[in-house]
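Okay, so here's the structure we're looking at.
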There are 2 protein chains.
Amino acid sequence: MAHRPRSEMIAETKCKLLESARRAFGTVGYADASMDDFTAEAGLTRGAIYHHFGGKKGLLEAVIMQIDAEMTERLHEVSKRASNPWDGFVDECLAYVEMALEPEIQRIVHRDGPAVLGDPLGWSNQEGCLAAMMKHVRTLKQQGYIRQELDPEATARLINGVSLHGAQWIANSHDPKQASDRIVIAFRALLEGLLTTSNVN
Amino acid sequence: MAHRPRSEMIAETKCKLLESARRAFGTVGYADASMDDFTAEAGLTRGAIYHHFGGKKGLLEAVIMQIDAEMTERLHEVSKRASNPWDGFVDECLAYVEMALEPEIQRIVHRDGPAVLGDPLGWSNQEGCLAAMMKHVRTLKQQGYIRQELDPEATARLINGVSLHGAQWIANSHDPKQASDRIVIAFRALLEGLLTTSNVN
DNA sequence: CCAATTGACATACGCAGCGTATGAACTTAC
DNA sequence: GTAAGTTCATACGCTGCGTATGTCAATTGG
């Protein structure tokens, strides 16, 4: 077995770095993740990181983009199998909450990410979870489900905030199950504020 | 002029440390704030920090508590001069948004704080901004303004999330004025979802 | 098929920054 | 007035990042 093409080797190296970095970031956090440690774990050294990702920050950014792509995919799956647009939207929101409960996502995407890279607006603008939700809101508006005066982007942003904080509260609650139930009730109530009067049940 | 009582000297030292640390954290951020630098700026050394605050984290915690206390006070002022409870609540929410726009608050309280110290639930549980908002929600519920099935804590948490993300979006927008207008509309819509049907206009 | 060149990493070095252990001065208590 | 405790400064070692440099393999051009 001779050597495989170079492009494959590179892709594998990048993949290994992303994997071990993601695990380190997700467990001990960005600040306490030693580059020497998790590169060694991947059988490499820091040199590879500086070459491929420019540095520790670049690596974090790449990890986040990877996770965000996975989240977007999962959310798409959820909203696809709803019977009507509004329910699909609500389901997607709740799925987003559930995902934010996963330790890896919570830590990397929602805590260290904004702290290290700044506001999420910069790195998840195109084709990310936020973009997907924004598109969803726009559709609901066109179909008359929600109020006409609502701006899709602003609305998506706010709902995103609701989801994140709800999730955070649930995650850190001593009784996650009960917290989840209470959050869902309040969440649904808030969302109903968006509906046009003719759509309020 | 002889020596003043020791307790005064200590208080002054603590105050100076808090002040310079707060400035450093608020501008360059927690990670890039060198303890040697901002202690020197206060005419002291790191030794003082480890003695009084236990370390860098402890100092951040103290700074956050100081800011949170100021925020609580300011919010209280706002809601006090409203004509009715619901308007007072809405005003308080919008004031919270505005405060989250201030760079120092945004950076220290909403970004570095959670990243370094973990979830805000731990450090702002008692007598903080969240507690105040929660109390407000409870009152509104008792007075019949908002739905009975809503849990005050969960609701306050979600609204907090709405405020934070709205503020963040406004702050990073290229047109803050326009963004602010769009956020306010969506924010009000969401809040109206909390109202009892008899209170919806 | 063989240089020449580029790319993909590893190695070595320097430096900043944190935490701790130690020490000195000053205060308070008795 | 002395002993004890407090408040800070100083000194030390360690970890961890970034960069500069080196090395080897792979690709390219003739």
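Keep in mind that this is a model prediction, so the values were computed, not measured. We name chains A, B, ... by the order of the sequence lines, and we start the count at 1 in each one.
- When each of Arg46(B) and Thr13(B) is assigned the nucleotide of DNA chain D bearing its nearest heavy atom, the one mapping closer to the 5' terminus is Thr13(B).
- Remark: the Glu92(A) side chain and the His136(A) side chain contain an N/O donor-acceptor pair separated by less than 3.5 Å.
- Residue His51(A) places no side-chain N or O under 4.0 Å from the OP1 or OP2 atom of dC9(C).
- Rounding to whole angstrom units, CG of residue Asp32(A) and C1' of dC17(D) are separated by 14 Å.
- One can place CE of Met9(A) at 22 Å from P of dT6(C), the figure rounded to the nearest angstrom.
- At a threshold of 4.5 Å between non-hydrogen side-chain atoms, the residues Phe187(A) and Thr155(B) do not count as touching.
- The CD atom of Glu12(B) sits 21 Å away from the P atom of dT6(D) (whole-angstrom rounding).
- Going from atom NZ of Lys57(A) over to atom P of dG16(D) covers 19 Å, rounded to whole Å.
- By the 4.0 Å N-to-carboxylate-O rule, Glu153(A) lies too far from Lys141(A) to be salt-bridged with it.
- Atoms CD1 (Ile10(A)) and C1' (dA25(D)) sit 11 Å apart, rounded to a whole Å.
- The nucleotide whose nearest atom lies closest to any side-chain atom of Ser34(B) is, among dA10(C), dC18(C), dC8(D), dC18(C).
- Nucleic acid contact for Gly43(B): sugar-phosphate only, since backbone atoms but no base atoms lie under 4.0 Å from a heavy atom of the residue.
- Atom pair Met35(B):CE and dC8(D):P shows a separation of 14 Å (rounding to whole Å applied).
- Closest contact between the side chain of Leu44(A) and the listed nucleotides dA10(C), dC18(C), dA9(D) involves dA10(C).
- For the pair Leu164(B) and Ala100(B), the tightest heavy-atom approach, listed with the atom from each and the gap, is CD1-CB, 4.5 Å.
- Using a 4.0 Å cut-off between charged side-chain N and carboxylate O, Glu41(B) and Arg23(B) make a salt bridge.
- Summarising the geometry, the separation between NZ on Lys56(A) and P on dT15(D) is reported as 15 Å, rounded to the nearest angstrom.
- When each of dA9(D), dG19(C), dA10(C) is scored by its nearest atom to the side-chain atoms of Tyr50(B), the top-ranked nucleotide is dG19(C).
- Distance CZ (Phe53(B)) to P (dC18(C)): 16 Å, rounded to an integer number of Å.
- Within 4.0 Å of Ala33(B), counting heavy atoms only, lie sugar-phosphate atoms of the nucleic acid but no base atom.
- Taking side-chain N and O atoms only, His52(A) has a distance below 4.0 Å to OP1 or OP2 of dC9(C).
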